[in-house]
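Working notes for the structure below.
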Amino acid sequence: MNTNARHERIRSIAGEHGMTLIELMIALVVLTVGLLAVGRLFPTGARTQAQDHLRVTANEFAQQQVEALTGLTWTDAALTEGRHPSATTTESLGQGQWQRWYTVTTMTGKLDNLKRIVVTVDYKGAAGGARSVTATTYVRR
């Protein structure tokens with residue numbers, strides 16, 4: 001038996017004669033589509049990470065104010081009824097990217113020995129939209 005006949009016999013036993021060009025192109029298209037889909041996840045992940053960083057910073061600013069206010073006495077000027085700073089002014093933080101204020105309300109009825117303090121921090125999100133974080137605490141007489 002010559003060599004060519006032997007190779008033909010081995011190929012027919014295996015049932016394959018190799019990969020065709022069409023099969024190779026289909027595999028490349030599937031691989032390309034998969035890579036493009038994964039590539040689209042990276043910008044979304046980066047944007048989410050930036051948004052989370054801004055939210056965490058806003059929460060830190062709110063928590064700082066809550067901690068400062070909970071250490072004050074009932075009669076302290078910073079715990080008078082209303083918005084602080086007054087009217088529509090805000091405290092600018094972090095190069096003006098975050099704006100903070102708080103509102104003090106004396107509870108009524110059986111809870112008249114409590115003052116509710118709501119601290120609000122406004123900031124611009126990663127996509128430029130307005131966002132805010134609030135933190136609430138109570139001070140007892």
Side-chain angles (χ1 to χ4, degrees), residues 2-141:
N2 69 17
T3 308
N4 285 340
R6 190 178 304 156
H7 288 299
E8 282 297 318
R9 186 170 175 215
I10 292 172
R11 283 188 199 140
S12 67
I13 291 171
E16 291 282 328
H17 293 283
M19 184 180 283
T20 66
L21 185 59
I22 293 175
E23 291 171 330
L24 181 63
M25 291 180 69
I26 290 172
L28 287 175
V29 166
V30 169
L31 180 65
T32 302
V33 168
L35 288 175
L36 289 174
V38 169
R40 291 179 52 118
L41 294 176
F42 288 105
T44 303
R47 189 172 38 255
T48 302
Q49 182 181 13
Q51 184 64 39
D52 288 344
H53 174 71
L54 292 171
R55 185 179 302 118
V56 166
T57 304
N59 277 317
E60 288 174 0
F61 284 135
Q63 188 61 36
Q64 286 173 359
Q65 187 68 49
V66 164
E67 289 176 10
L69 293 171
T70 54
L72 300 177
T73 63
W74 179 270
T75 57
D76 195 292
L79 293 180
T80 57
E81 285 273 332
R83 180 182 160 137
H84 301 270
S86 61
T88 59
T89 58
T90 59
E91 179 183 3
S92 181
L93 307 163
Q95 301 172 353
Q97 186 168 357
W98 293 271
Q99 305 295 318
R100 177 174 66 188
W101 73 90
Y102 64 96
T103 306
V104 178
T105 308
T106 303
M107 305 300 287
T108 58
K110 292 182 179 182
L111 300 175
D112 63 352
N113 65 336
L114 292 176
K115 287 187 179 183
R116 181 177 63 190
I117 303 168
V118 179
V119 178
T120 303
V121 178
D122 282 342
Y123 64 99
K124 289 192 180 189
R131 306 275 183 157
S132 71
V133 168
T134 59
T136 304
T137 190
Y138 295 87
V139 174
R140 188 174 183 165
R141 189 184 314 214

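For the numbers below, each heavy atom of this structure counts, side chains included, while hydrogens, waters and symmetry mates do not.
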Rounded at 0.5 Å granularity, tell me how far [atom1] in [X] sits from [atom2] in [Y].
{"X": "Glu60", "Y": "Gln64", "atom1": "CD", "atom2": "CD", "answer": "7.0 Å"}
{"X": "Trp101", "Y": "Gln65", "atom1": "CH2", "atom2": "CD", "answer": "12.5 Å"}
{"X": "Leu69", "Y": "Lys115", "atom1": "CG", "atom2": "NZ", "answer": "11.0 Å"}
{"X": "Arg83", "Y": "Thr105", "atom1": "CZ", "atom2": "OG1", "answer": "12.5 Å"}
{"X": "Gln51", "Y": "Arg47", "atom1": "CD", "atom2": "CZ", "answer": "10.0 Å"}
{"X": "Leu28", "Y": "Glu23", "atom1": "CG", "atom2": "CD", "answer": "12.0 Å"}

If you take all heavy atoms of [X] and [Y], which pair is closest and at what distance?
{"X": "Tyr123", "Y": "Leu54", "value": "CE1-CB, 3.8 Å"}
{"X": "Thr73", "Y": "Leu79", "value": "O-CD1, 3.2 Å"}
{"X": "Ala77", "Y": "His84", "value": "O-CE1, 3.9 Å"}
{"X": "Leu72", "Y": "Val139", "value": "O-CG1, 4.2 Å"}
{"X": "Ala135", "Y": "Val66", "value": "CB-CG2, 3.9 Å"}
{"X": "Ser132", "Y": "Asp122", "value": "CB-OD1, 2.9 Å"}

When you look at Thr57 and His53, which way does the side-chain contact (heavy atoms from CB on, under 4.5 Å) test go after all the steps? CA-CA 6 Å; Thr57 304; His53 174 71; 3.9 Å; yes
For the backbone of Ala78 and the side chain of Tyr102, can you confirm whether one donor and one acceptor N or O come within less than 3.5 Å of each other?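 Checked: pair present.
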Please check if the side chain of Lys124 supplies one atom and the backbone of Gln97 the other of a donor-acceptor pair under 3.5 Å.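 No, because the side chain of Lys124 does not come within donor-acceptor range (under 3.5 Å) of the backbone of Gln97.
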Is [X] atom [atom1] crowded by more than 12 heavy atoms from other residues, nucleotides or ligands, each under 6.0 Å away?
{"X": "Arg141", "atom1": "CZ", "answer": "yes"}
{"X": "Glu81", "atom1": "CD", "answer": "yes"}
{"X": "Leu24", "atom1": "CG", "answer": "yes"}

Below 4.5 Å, heavy atoms only, C-beta onward: do Asp112 and Met107 meet side chain to side chain? no
Are Arg40 and Leu36 side-chain neighbours, meaning at least one heavy-atom pair lies under 4.5 Å?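 No, their side chains stay 4.5 Å or more apart.
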Could you walk me through whether Asn113 and Tyr138 pass side-chain contact (heavy atoms from CB on, under 4.5 Å), step by step? CA-CA 10 Å; Asn113 65 336; Tyr138 295 87; over 6 Å; no
